[in-house]
Peer 1: 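Sharing a structure below in structure tokens format, with a few things to ask.
What you are looking at is a predicted structure, and each value in this text was computed from that prediction instead of being measured. Letters A, B, ... mirror the listed sequences (proteins, then strands); counts begin at 1.
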Protein chains: 2
Amino acid sequence: MEQTVQPHVAALPTQGRLSDLLSVMGAESDDRRLCDACLVPIRRVRSGAALFHEGTRAESVHVVRLGTFKILRLADDGYEQVLGFAGQGEVIGFDALCNGVHPSSALALEDSTVYALPVRELESLRRRVAPLDRALQTTLSAQLASSAGIAEVMAAVASEVRLARFLLQRSARMQAAGQSPRRLRLPMSRRDIASHLGVAHETVSRSFGELAGWGYLSVDNREVEILDPQGLRSLARNTRGFVEERPTRSGLGRARLSRSNGACARTQ
Amino acid sequence: MEQTVQPHVAALPTQGRLSDLLSVMGAESDDRRLCDACLVPIRRVRSGAALFHEGTRAESVHVVRLGTFKILRLADDGYEQVLGFAGQGEVIGFDALCNGVHPSSALALEDSTVYALPVRELESLRRRVAPLDRALQTTLSAQLASSAGIAEVMAAVASEVRLARFLLQRSARMQAAGQSPRRLRLPMSRRDIASHLGVAHETVSRSFGELAGWGYLSVDNREVEILDPQGLRSLARNTRGFVEERPTRSGLGRARLSRSNGACARTQ
DNA sequence: CGATCGTTTGACGGTGCTCAATCACCGTGG
DNA sequence: CCACGGTGATTGAGCACCGTCAAACGATCG
């Protein structure tokens with residue numbers, strides 16, 4: 001399990017209150033007594049370590065308490081496909097319930113902690129605690145809805161558009177979490193982003209450079225600041241057809257030319 | 001003129017038994033009495049019509065009884081992104097529960113019928129009928145797991161690999177439904193496939209031609225027969241890097257059996 | 001039959017992938 | 001403190017696959 005003999009880990013409790021779990025999931029518990037009485041195990045996962053591996057039996061459904069995870073699958077040819085990133089309040093591993101085996105792995109991108117809901121107790125717990133049942137259903141529904149996010153980024157043809165959409169998704173999450181939507185701290189590597197966008201990792205670097213050169217972003221390694229959200233959004237619109245010239249300062253650098261007229265990409 | 005044999009409209013019941021619903025979902029109902037007593041509304045959707053539109057309020061969660069639907073989202077620029085296709089037994093519209101509004105549209109690709117579970121009764125129904133609760137959880141978990149499918153196809157760089165993976169996914173579904181995994185009847189247009197694969201629809205046509213030319217498939221408009229499943233699988237492995245030692249068009253009509261692919265005849 | 005839509009095929013230009021080299025940043029150990 | 005190896009990030013050069021535009025072909029329906 002977890003290393004209990006670590007002195008600097010002593011601050012971490014091994015159990016948390018159910019009401020706290022509901023709180024990080026964004027649900028309000030109307031029944032404090034029941035929720036406070038119920039305790040949920042807490043697991044700590046160090047940066048780089050795995051919460052679980054693809055193909056292993058699913059013991060628990062996890063809810064991120066603190067930190068970030070990347071969800072990935074290994075293709076038959078060994079390619080590591082990053083399916084998404086899970087932050088605070090998000091459910092990890094629910095996709096394993098259908099047959100009891102994890103179809104994907106979860107790796108911590110930084111030191112993180114999760115609530116672990118044992119699968120065996122899940123049904124009875126959901127039945128006993130209605131707020132948890134509702135919170136799970138809502139979160140799962142949202143997760144299904146956001147599973148279109150990877151399609152959204154990969155659907156764009158231009159790599160800068162893919163990156164722009166990805167950054168806007170991150171920004172929206174930051175805003176939903178009550179933090180600044182402009183300053184992004186990306187805990188994942190360029191290679192992880194590349195896998196998630198469906199491009200080569202060199203292309204991610206180049207796209208960061210382009211977006212920064214056009215004045216949309218300020219990039220410092222993994223610290224990104226969005227300088228022009230409106231412009232970024234308008235750039236992110238172009239699913240097909242390539243980026244048109246940037247209207248900011250006179251095209252000093254390398255403004256992309258689009259020879260076609262300005263008609264929108266309405267293909268039908 | 002006379003209605004001697006008119007199963008056209010009259011044959012469709014407006015309600016179905018809950019046990020039948022559980023049956024198409026692949027779940028066995030251990031309590032026949034309760035399930036038989038409960039009736040579920042059935043809706044008919046004609047080919048090309050919408051089950052619901054993006055942005056509308058979600059009244060029901062639907063389960064496909066017969067037919068096929070395409071699930072799509074309209075991007076800001078009007079591009080129609082096809083997120084997936086739903087066949088018999090699959091749940092449609094659960095992603096709307098989190099905020100009550102459909103984040104995507106569902107269009108029937110052929111004359112279809114669905115069970116409609118009203119959202120208001122959903123919670124009480126799940127609480128009363130345990131098999132339905134379990135079936136819903138299982139199906140949703142499977143849906144989450146299969147939402148990686150679109151990432152799987154779009155992750156490949158070569159368009160033929162994307163198409164091969166898509167066809168293999170369809171084949172797996174056919175097999176899971178107890179039908180032949182070799183003969184595929186594709187109810188969707190080339191443009192729909194193209195949007196789902198993230199390529200231009202002309203490229204889909206070309207890729208069909210390539211796969212057929214290499215002997216993997218036999219294509220007749222929307223009727224596809226998989227001639228060499230093993231070869232198709234081995235081709236589908238190449239996520240990155242273009243197909244190794246592929247017979248570049250140098251007059252070789254058929255070069256499928258030669259070289260590297262020979263070692264891939266393993267059971268999977 | 002004519003109209004509309006879907007499918008196929010062709011040609012051209014461009015963008016991103018592959019292969020490399022270089023730089024920046026660490027933690028390690030001499 | 002600096003050399004050292006390792007990882008991650010950036011930049012460059014060439015090539016070919018795919019997107020766009022265009023037109024022919026085929027199917028379905030009224």
Peer 1: Looking at A:Arg206 and D:dG12, is any side-chain donor or acceptor paired with a base atom of the opposite kind under 3.5 Å?
Peer 2: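 Under the 3.5 Å cut-off, the side chain and the base do form a donor-acceptor pair.
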Peer 1: Bend across the helix from C:dT8-D:dA23 to C:dC26-D:dG5, to 10°, with axes taken over 5 pairs at each end?
Peer 2: 40°
Peer 1: Tell me whether the NZ or CZ atom of A:Arg190 lies within the 45° cone about the ring axis of A:Phe208 and under 6.0 Å from its centre.
Peer 2: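 The answer is yes, since A:Arg190 meets both limits relative to A:Phe208.
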Peer 1: Measure CG/A:Asn238 against P/D:dG19 and give the value in whole Å, please.
Peer 2: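 Taking atom P of D:dG19 as the reference, CG of A:Asn238 is at 16 Å.
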Peer 1: May I ask you to verify if any side-chain N or O of B:Thr203 is less than 4.0 angstrom from the OP1 or OP2 atom of D:dG19?
Peer 2: yes
Peer 1: Check the distance between D:dT11's C1' and A:Arg190's CZ and give it to me in whole angstrom.
Peer 2: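 That distance rounds to 14 Å.
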Peer 1: Just how far, in rounded Å, is P of C:dG6 from CG of B:Leu186?
Peer 2: 16 Å
Peer 1: Between B:Glu110 and B:Pro187, is there a donor-acceptor pair closer than 3.5 Å when you use the side chain of the first and the backbone of the second?
Peer 2: no
Peer 1: Where the side chain of A:Arg240 is concerned, which of C:dG16, D:dT20, C:dT7 is the nearest nucleotide?
Peer 2: D:dT20
Peer 1: So, is B:Arg222 near the phosphate of C:dT7, with a side-chain N or O under 4.0 Å from OP1 or OP2?
Peer 2: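 Answer yes for this pair, as a side-chain N or O of B:Arg222 is under 4.0 Å from OP1 or OP2.
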Peer 1: Residues of residues 191-201 of chain A with any non-hydrogen atom less than 4.0 angstrom from an atom of DNA chain C: list those, numerically ordered, please.
Peer 2: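 Contacting residues: A:Gly198, A:Val199, A:Ala200.
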Peer 1: To the nearest angstrom, how far is B:Glu210 atom CD from D:dA16 atom C1'?
Peer 2: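 Atom-to-atom, B:Glu210 to D:dA16, this comes out as 13 Å.
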Peer 1: Please identify each residue that fulfils side chain to side chain contact (heavy atoms under 4.5 Å, CB included) with B:Ser104, with sequence neighbours left out.
Peer 2: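 B:Ile71, B:Arg73, B:Leu83, B:Asp95.
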Peer 1: Can you tell me the distance, in whole Å, between the CZ atom of A:Phe208 and the P atom of D:dT10?
Peer 2: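 Going from A:Phe208 (CZ) to D:dT10 (P), I get 8 Å.
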Peer 1: Sequence neighbours left out, what passes ring pair (Phe, Tyr, Trp, His ring centres under 6.0 Å) with B:Phe166? Give chain and number order.
Peer 2: B:His196
Peer 1: Identify the heavy atoms of A:Ala236 and A:Leu168 that sit nearest to each other, and give their distance.
Peer 2: CB-CD1, 3.8 Å
Peer 1: If a protein heavy atom is under 4.0 Å from the base, mark B; if only from the sugar-phosphate, S; if neither, -; do that for nucleotides 22-30 of chain D going 5' to 3'.
Peer 2: ---------
Peer 1: Would you mind telling me which of A:Arg65, A:His62, A:Arg43 makes a side chain to side chain donor-acceptor pair (under 3.5 Å) with A:Thr113?
Peer 2: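 Between A:Thr113 and the candidates, side chain to side chain donor-acceptor pair (under 3.5 Å) is satisfied uniquely by A:Arg65.
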Peer 1: CG of A:Leu163 versus P of C:dG16: gap in Å, rounded?
Peer 2: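 Checked: the CG to P distance equals 12 Å.
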Peer 1: Going by atom types only, do B:Asp192 and B:Ser195 share a side-chain donor-acceptor pair under 3.5 Å?
Peer 2: no
Peer 1: What are the two closest heavy atoms between B:Leu217 and B:Val224, and how far apart are they?
Peer 2: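 It is CD2-CG1, 4.1 Å.
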Peer 1: What are the two closest non-hydrogen atoms of B:Leu235 and B:Leu211, and how far apart are they?
Peer 2: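 Of all heavy-atom pairs spanning B:Leu235 and B:Leu211, the closest is CD2-CD1, 4.0 Å.
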Peer 1: Toward the 5' end of DNA chain C, which comes first, B:Ser189 or A:Arg162, by nearest nucleotide?
Peer 2: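 Between the two, 5'-proximity favours B:Ser189.
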Peer 1: Between D:dT11, C:dT7, D:dG19, which nucleotide gets closest to the side-chain atoms of A:Val157?
Peer 2: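 The nucleotide sitting nearest to the side chain is D:dG19.
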Peer 1: Throw together a table of side-chain donor-acceptor distances under 3.5 angstrom for residues 198-205 of chain B, partners on residues two or more places apart or in other chains.
Peer 2:
none

Peer 1: Taking atom types as modelled, is there a side-chain donor on A:Thr239 or A:Arg165 under 3.5 Å from an acceptor on the other?
Peer 2: yes
Peer 1: Measure CG/B:Leu109 against C1'/C:dG6 and give the value in whole Å, please.
Peer 2: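 One finds 14 Å between C1' of C:dG6 and CG of B:Leu109, rounded.
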